[in-house]
*Asks:* 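Right, I'll just put the structure down here and ask away after.
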Amino acid sequence: MTKSAKVGSVICDELITAANQDHNILALTSDSRGSASLTPFATQLPDQLVEMGIAEQNSVTVGAGLAHSGKRPFIFSPAAFLTMRSIEQVKVDVTYSDTNVKLIGISGGNSYSVLGNTHHSLQDLAITRALPNLEVYMPADEYQTRGLMQYLAKSDHPAYVRIGKQALPDIYENQQQAFRGPGKANIVMDNGNDVALVAAGETVQIAVRTARKLAEQGVQAKVIDLVSVKPLDRALLNQVADQVNLITTIEEHSIYGGLGSAVAEALAIRGDTRVDIAGFPDEPAIAGTQAEVFAHYGLDEAHLTKRIMANLNQ
């Protein structure tokens with residue numbers, strides 16, 4: 001039976017294991033240990049947790065200083081604040097000097113839903129993937145999160161990881177299949193060559209459900225889990241573009257600058273690939289539960305199926 005797991009809890013579990021083996025690994029929080037699911041880490045390894053309070057900019061700068069002192073900091077903060085309020089510190093203190101800081105953006109996208117636009121991070125991919133030296137990831141299930149965290153615990157490269165709040169069902173059967181390293185995407189479903197659905201993070205499960213609904217309509221779909229938004233798996237994207245009539249990207253992000261833009265940029269030089277970007281429009285997002293908001297913007301499987309069918313029939 002497919003199980004579900006909260007990505008934040010999985011990250012904490014893997015970080016405890018890594019930090020027990022390497023005492024240079026530290027967790028920094030900005031009054032967010034509870035929402036980041038880091039309470040077990042704080043209980044078991046209190047000397048390796050630094051509580052910065054509600055001071056995200058300081059967290060990034062202090063984390064960079066610790067990294068220059070030989071530590072391996074993981075900074076946890078709501079994605080909206082980590083990639084907006086702290087962006088100059090990320091740019092100058094982390095990416096400019098290629099400093100080994102891992103930025104974990106919790107409650108990303110529309111996760112905070114009813115708290116409104118101050119807490120939404122629907123532009124974070126546009127910002128982070130434009131910064132040099134910064135890897136950008138969005139894990140889709142427990143196996144992928146474990147593989148990603150084990151890589152990050154050993155990696156010397158700065159990275160941004162965006163996670164949400166949902167408990168995610170398994171997409172994969174094992175870690176090796178789920179995370180194959182930076183710049184590697186995965187084909188998680190391959191029913192045929194009518195359309196490819198490209199997603200990352202929490203929208204991978206939406207893409208899978210949409211592919212199943214399309215199959216009921218006689219439409220053969222592939223599902224691509226991008227996971228590594230930067231570096232991008234251009235080879236796999238070009239392989240898929242050789243096979244399908246349409247690529248539809250599905251993201252919990254603005255239609256500008258995010259996953260869809262990354263795919264379109266990678267494939268634009270071909271001149272033969274139709275890319276349709278499904279995401280949040282250029283407006284402040286409405287308030288509501290995540291399910292309500294996704295349905296409003298056509299990001300649920302029912303609306304996406306209709307959209308794809310209409311595009312294929314053009």
Side-chain angles (χ1 to χ4, degrees), residues 108-110 122-130 136-138 140 162 171 182-215 217-283 285 294 296-314:
N110 189 241
L122 298 171
Q123 297 80 28
D124 57 332
L125 300 184
I127 296 168
T128 55
R129 73 183 190 89
V136 180
Y137 298 100
M138 293 177 64
R162 189 235 260 188
I171 301 293
K184 295 295 184 181
N186 297 319
I187 299 176
V188 298
M189 181 181 290
D190 192 351
N191 291 337
N193 297 330
D194 291 328
V195 60
L197 311 181
V198 181
E202 293 190 1
T203 58
V204 174
Q205 58 183 310
I206 297 173
V208 169
R209 294 198 298 265
T210 301
R212 290 171 180 156
K213 286 191 73 69
L214 286 167
Q217 305 289 326
V219 174
Q220 300 174 329
K222 302 180 190 296
V223 175
I224 314 302
D225 171 14
L226 214 50
V227 59
S228 177
V229 179
K230 181 188 176 188
L232 198 65
D233 194 338
R234 292 172 178 266
L236 182 60
L237 288 173
N238 275 286
Q239 173 190 320
V240 170
D242 287 338
Q243 299 170 342
V244 301
N245 299 313
L246 171 69
I247 292 177
T248 297
T249 62
I250 306 168
E251 61 187 312
E252 190 178 358
H253 188 276
S254 166
I255 56 174
Y256 298 122
L259 182 149
S261 294
V263 172
E265 290 161 13
L267 299 178
I269 195 170
R270 296 173 59 99
D272 63 353
T273 306
R274 296 171 63 201
V275 178
D276 181 38
I277 299 173
F280 281 70
D282 189 26
E283 64 184 47
F294 273 54
H296 177 82
Y297 291 119
L299 295 173
D300 59 325
E301 55 266 32
H303 286 95
L304 286 166
T305 298
K306 292 179 182 178
R307 176 176 180 150
I308 293 163
M309 294 290 290
N311 284 331
L312 287 173
N313 290 328
Q314 286 181 356

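Note: hydrogens, waters and symmetry copies are ignored here, and every other heavy atom, side chains too, is used.
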*Asks:* Which heavy-atom pair separates Leu125 from His253 by the least distance, and what is that distance?
*Replies:*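 Where Leu125 meets His253 most closely, the heavy atoms are N-NE2, 3.2 Å.
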
*Asks:* Rounded at 0.5 Å granularity, tell me how far CE in Met138 sits from OG1 in Thr203.
*Replies:*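 Atom-to-atom, Met138:CE and Thr203:OG1 are 6.0 Å apart.
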
*Asks:* Between the side chain of Glu251 and the main-chain N/O of Ala200, is any donor-acceptor distance below 3.5 Å?
*Replies:*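 Such a contact is absent between Glu251 side chain and Ala200 backbone.
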
*Asks:* State, to 0.1 Å, how close Asn191 and Ala211 come at their nearest heavy-atom pair, and which atoms those are.
*Replies:*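 What the structure gives for the nearest pair is ND2-O, 4.3 Å.
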
*Asks:* For Asn110 versus Ala285, what's the shortest heavy-atom pair and its separation?
*Replies:*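 Here Asn110 and Ala285 meet closest at ND2-CB, 4.5 Å.
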
*Asks:* Which heavy atom in Ala264 sits nearest to a heavy atom in Val275, and how many Å separate them?
*Replies:*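 In this case the closest contact between Ala264 and Val275 is CB-CG1, 4.4 Å.
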
*Asks:* Between Thr249 and Leu259 (side chain of the first, backbone of the second, donor and acceptor by atom type, cut-off under 3.5 Å), is there such a pair?
*Replies:*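 Here the side-chain-to-backbone pair does not exist.
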
*Asks:* In the structure I gave you, are the side-chain heavy atoms of Met309 and Leu214 within less than 4.5 Å of one another anywhere?
*Replies:*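 Yes, close enough: below the 4.5 Å cut-off.
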
*Asks:* Side chains of Asp194 and Gln217, heavy atoms from C-beta outward: is any pair under 4.5 Å?
*Replies:*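 No - every pair of side-chain heavy atoms lies 4.5 Å or more apart.
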
*Asks:* Would you mind reporting whether Ile247 and Ile224 have side-chain heavy atoms less than 4.5 Å apart?
*Replies:*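 They are not in contact (no side-chain heavy atoms under 4.5 Å apart), so the answer is no.
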
*Asks:* Output yes when Asp233 and Lys184 qualify as a salt bridge under the 4.0 Å nitrogen-oxygen rule, no when they do not.
*Replies:*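 Here Asp233 does not pair with Lys184 in a salt bridge, since their nearest N and O are not under 4.0 Å apart.
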
*Asks:* Can you find a pair of side-chain heavy atoms, one from Asp225 and one from Ile171, that are under 4.5 Å apart?
*Replies:*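 No, side chains not in contact.
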
*Asks:* Report the distance from atom CG of Asn311 to atom CG of Leu246, rounding to the nearest 0.5 Å.
*Replies:*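 So the gap between those two atoms works out to 5.5 Å.
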
*Asks:* Do the rings of Phe280 and Phe294 sit parallel, tilted or perpendicular, given the 30° and 60° boundaries?
*Replies:*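 Answer is perpendicular, since the angle exceeds 60°.
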
*Asks:* Tell me, with the steps shown, if Asn193 and Lys222 meet side chain to side chain contact (heavy atoms under 4.5 Å, CB included).
*Replies:* CA-CA 7 Å; Asn193 297 330; Lys222 302 180 190 296; 2.8 Å; yes

*Asks:* Kindly indicate, with the supporting measurements, whether the criterion side chain to side chain contact (heavy atoms under 4.5 Å, CB included) is fulfilled by Arg212 and Val223.
*Replies:* CA-CA 10 Å; Arg212 290 171 180 156; Val223 175; over 6 Å; no

*Asks:* Has the side chain of Arg274 got a donor or acceptor atom that lies under 3.5 Å from a matching backbone atom of Leu312?
*Replies:*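 It does not hold such a pair.
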
*Asks:* Rounded at 0.5 Å granularity, tell me how far OG1 in Thr248 sits from CD1 in Ile308.
*Replies:*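 One finds 4.5 Å between OG1 of Thr248 and CD1 of Ile308.
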
*Asks:* For Lys306, is there an ion pair with Asp300 - N to carboxylate O distance below 4.0 angstrom?
*Replies:*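 Salt bridge: no.
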
